[in-house]
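What follows is a short report on a single structure.
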Amino acid sequence: MRIHHLNCTTMCPPGRRLMDGRKGVSGPAALVCHCLLVETDRSLVLVDTGFGLNDVRDPRPRLSPLFLNALCRPRLHEGMTAIRQIERLGFKASDVTDILLTHLDFDHAGGLDDFPGARVHLLDAEYQAAVAQTTALDRRRFRPQQWMHQTNWVTYPTPKGGERWYGFECVRELSGLPPELLFVPLLGHTLGHAGIALNVGGRWLLHAGDAYFHHGEMDPARRRCPPGLRFYQTLMQKDARLRHYNQERLRGLAMRHRSEVTIFCAHDAMEFEQMEEQEKVPADSALRMMPIVQPESTLRI
């Protein structure tokens, strides 16, 4: 498999260092929407979609004002959508046969209707919660306008027991997909949230979605997260106990198996830049590389 790392829209919430930990205390922060395009020997698989064309062209009916204008403030540009980036790589929408979703929040599922022929895979608990819309926050985070026309859902029960992946329960057999791809439930941010694990040349990548938001949270020596992001994670969590439990498990995985597994989340700009740089390195070298923590990032927004 070949992996492409895509930033499918940068979100620019107020607070700068309070939100992303970068130098400076004024101006917007920069939070990416880190998606993956996976080239298999059969087709293309997309992991999350970020924001889509219709979000860019007519955002008000599709996105809650709370997130569009206040908390997240995405910089919506057509060229940053997954479909346009995929086209620049020489592919077309119909080449994407499957989409794996970490969860159905608006900033992860906005591009679903740009790939009408693709099957959409996610945990059943996530689909049920998004459809139920039981709380005011659910109605703002889960936006049916983004996926109401989607019919090709493939859902999976949250596993209990059975075969494990590095101690985590997992869904290994994804319908019609290679065994190198699997779901790793990481509940807490939402009740059906999952990471996506990919085996590339014998080494694992784990897209942890929104299980955490800042690379400092995976540092077992001095765990840290900017206060604005801590507040946002607390605001968005559906189960605090499960979220903290799974973060602790991810820290253990990062510490004990860093030579075998690389973990990254959906919104950390530094992690995205590191993975994007590794994508440019020849595959056999990239698989041996470990992320290098740098003090400052140069993400262009």
Side-chain angles (χ1 to χ4, degrees), residues 1-7 21 32 34-41 45 47-48 100 102 159 162-174 177-189 193-225 242-299:
M1 295 192 300
R2 182 180 179 186
I3 311 296
H4 302 275
H5 296 268
L6 312 177
N7 174 18
V32 300
H34 192 162
C35 304
L36 305 178
L37 180 67
V38 184
E39 294 185 47
T40 76
D41 58 357
V45 177
V47 176
D48 282 351
L100 308 183
T102 59
E163 191 174 4
R164 290 177 171 258
W165 178 82
Y166 290 99
F168 289 78
E169 293 172 333
C170 66
V171 180
R172 284 188 176 268
E173 295 185 11
L174 303 186
L177 291 173
E180 292 83 4
L181 297 165
L182 54 91
F183 274 109
V184 181
L186 297 171
L187 311 184
H189 178 71
H193 183 279
I196 311 298
L198 309 90
N199 191 323
V200 185
R203 179 178 174 80
W204 288 95
L205 301 179
L206 177 62
H207 188 314
D210 287 1
Y212 70 97
F213 275 67
H214 187 266
H215 60 272
E217 295 177 271
M218 289 297 103
D219 185 344
R222 60 183 196 95
R223 189 184 323 164
R224 65 195 188 283
C225 181
L242 279 175
R243 182 172 71 84
H244 291 296
Y245 170 67
N246 281 316
Q247 281 191 358
E248 188 62 37
R249 296 172 77 203
L250 288 173
R251 277 188 287 274
L253 176 63
M255 181 174 61
R256 291 189 294 271
H257 298 285
R258 60 180 291 127
S259 64
E260 304 162 53
V261 183
T262 297
I263 306 170
F264 52 93
C265 68
H267 298 304
D268 187 282
M270 193 186 76
E271 288 183 340
F272 173 76
E273 289 171 337
Q274 291 170 343
M275 300 304 295
E276 190 181 37
E277 284 301 311
Q278 290 186 24
E279 182 186 332
K280 301 172 185 176
V281 178
D284 57 343
S285 300
L287 290 171
R288 296 194 296 270
M289 292 177 62
M290 291 301 300
I292 302 171
V293 175
Q294 300 174 350
E296 184 67 8
S297 175
T298 58
L299 179 74

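Residue numbers count from 1 along this sequence. Please read these numbers as outputs of a predicted model, since none were measured by experiment.
Side-chain atoms of His267 come within 3.5 Å of backbone atoms of Val32 as a donor-acceptor pair (strictly under, hydrogens ignored). In terms of modelled atom types and a separation under 3.5 Å, the side chain of Arg224 and the main chain of Asp219 share no donor-acceptor contact. Judged by distance alone, the side chain of Arg203 and the main-chain N or O of Ser259 form a donor-acceptor pair under 3.5 Å. Glu260 places no side-chain N or O within 3.5 Å of a backbone atom of His257 that could act as its donor or acceptor partner. Of the possible donor and acceptor atoms, none in the side chain of Asp48 sits under 3.5 Å from a partner among the backbone N and O of Cys35.
For Glu163, the salt bridge (charged side-chain N to carboxylate O under 4.0 Å, His left out) test picks out Arg172, with sequence neighbours left out. Arg164 meets the salt bridge (charged side-chain N to carboxylate O under 4.0 Å, His left out) test with Glu169; sequence neighbours excluded. Applying the salt bridge (charged side-chain N to carboxylate O under 4.0 Å, His left out) rule to Arg256 yields no partners; only residues at least two apart in sequence or on another chain are considered.
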Starting from the C-alpha separation in whole Å, work towards a yes-or-no answer on side-chain contact (heavy atoms from CB on, under 4.5 Å) for Trp204 and Leu182. CA-CA 11 Å; Trp204 288 95; Leu182 54 91; 3.6 Å; yes
With side-chain contact (heavy atoms from CB on, under 4.5 Å) as the test, would you mind laying out the steps for Val45 and Thr40 before giving the verdict? CA-CA 7 Å; Val45 177; Thr40 76; 4.1 Å; yes
Please determine whether side-chain contact (heavy atoms from CB on, under 4.5 Å) holds for the pair His207 and His5, giving the CA-CA distance in whole Å, both sets of side-chain angles, and the decisive distance to 0.1 Å. CA-CA 11 Å; His207 188 314; His5 296 268; over 6 Å; no
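Ring geometry, His193 versus His189: the interplanar angle exceeds 60°, so the pair is classed perpendicular (tilted spans 30 to 60°). Classification of the His34-Phe264 ring pair by plane angle, with boundaries at 30° and 60°, yields parallel.
Distance CD1/Ile3 to CE/Met275: 9.0 Å, rounded to 0.5 Å.
Put simply, the side chain of Leu206 reaches to within 4.5 Å of the side chain of Leu253, judged on heavy atoms.
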